[in-house]
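Encoded as structure tokens, the structure appears first; notes follow it.
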Amino acid sequence: MSEGFVSRAFRGRRRNPELEGRLPPGQYATPDFPVLSAGPTPRTPLDRWDFSLMGEVDGARRWSWQEFGALPSETVTRDIHCVTKWSKFDTTWRGVSVDTLLAGVETAADHVVAFCDGGYTTNLPLEDVTDGKAWIAYEYEGEALAPEHGGPARLLVPHLYFWKSAKWVRGLELVSEDRPGFWETLGYHNYGDPFQEQRYQGD
Amino acid sequence: MTKDDADRRLDGNAAGGLLAEVFRVEMTTVETACAGCGARAPVGELLRYGHEMGAILRCATCDTAVIRVARTRDRHWLDLRGARVLRLDGTPL
Ligand SMILES: [Zn+2]
């Protein structure tokens, strides 16, 4: 009896991440996965998909879909937070760590710009996509990432608002001068830390 | 273009209120010329994406973002790079 009580209580705690400080200010938790797109869903065939590292690097790098799939992958479970105020706990993704892509790359850049099919861009400090903080994700909950959620692959940077996790990503450009992206040039915060509630410029 | 997209987007009339906050005139009948392909269309016939973060009004011919507008707290942000010209008819207020 006491064992049952303990395990129920334990599960109960695990099921209330809001009580563990995991819900940023101004957010609500949802089991749904709303879709928010700034444009039509691109449908790039996989045999024409590639991923590029360019900009201030010692030689650009490019992976075909097949080569990308052969890179070491990681499965990570993270909370995600959208600036439109929904948060979703314990989402599981599989993809390639940006650290893996940058291994051996020499650069003086401090920032990256993620670029995407459809023309979307978003900017991040280089240090926010390295040291195990960002992935190029191609699976969600064990399935190929659906096009409306950014498939075939999206950037995943779960510690920042989710507009930074660019859908349909095709590469990273390393830059010395920060270059604000699609939403960052339309009044949204340049960095976007959900726990600081950095939604808009001036926050 | 897919059915999914058609389900998720609206036409430019859905951005009429937000644009009127900026221009203080009825905007859905204003004619635009797309900077990408030159296509002319009233704002109301552009395709509206990005519903909650702001209005991204795209050309129905080439998908160029003709007008981007967002409201952040007490500010509006307007990007007209994708519009070659706007034609506002009638007598100014
Ligand atoms: Zn056009």
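Reminder, nothing fancy here: chain letters follow the sequence lines and each chain counts from 1. Keep in mind the model is a prediction, meaning the values are calculated, not measured.
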**Report entry** chain B neighbours within residues 113-143 of chain A, where any heavy atom lies under 4.5 Å away
**Finding:** none
Report task. May I ask you to list the residues in residues 165-195 of chain A that approach chain B closer than 4.5 angstrom, counting heavy atoms only, ordered by number? Result ->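 The stretch touches chain B at Phe182(A), Trp183(A), Thr185(A), Leu186(A), Gly187(A), Tyr188(A).
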Query - Of all pairs that satisfy salt bridge (Lys or Arg N to Asp or Glu O under 4.0 Å), the ones with a partner from residues 64-79 of chain A, not counting sequence neighbours - result: Arg22(A)-Asp79(A)
Please tell me if the side chains of [X] and [Y] come closer than 4.5 Å, counting only heavy atoms from C-beta onward.
X	Y	answer
Arg58(B)	Pro40(A)	yes
Thr72(B)	Arg199(A)	no
Glu52(B)	Lys85(A)	no

Query raised in the report: Is the backbone N or O of Gly202(A) less than 3.5 Å from a side-chain atom of Arg73(B), with the two atoms forming a donor-acceptor pair by type?
Result: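 Not confirmed, Arg73(B) side chain does not pair with Gly202(A) backbone.
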Report summary line: Turns out that what part of Arg75(B) lies under 4.5 Å from chain A's heavy atoms comes down to side chain
Query raised in the report: Which region of Arg68(B), side chain (C-beta onward) or backbone (N, CA, C, O), has a non-hydrogen atom less than 4.5 Å from a non-hydrogen atom of chain A, or is it both or neither?
Result: both
Report task. First locate atom CE of Met53(B), then atom OG of Ser37(A), and finally report the distance between them rounded to the nearest 0.5 Å. Result -> 11.5 Å
Report summary line: Residue set satisfying side chain to side chain contact (heavy atoms under 4.5 Å, CB included) with Ala14(B), at least two apart, ordered chain then number -> Leu10(B), Arg48(B)
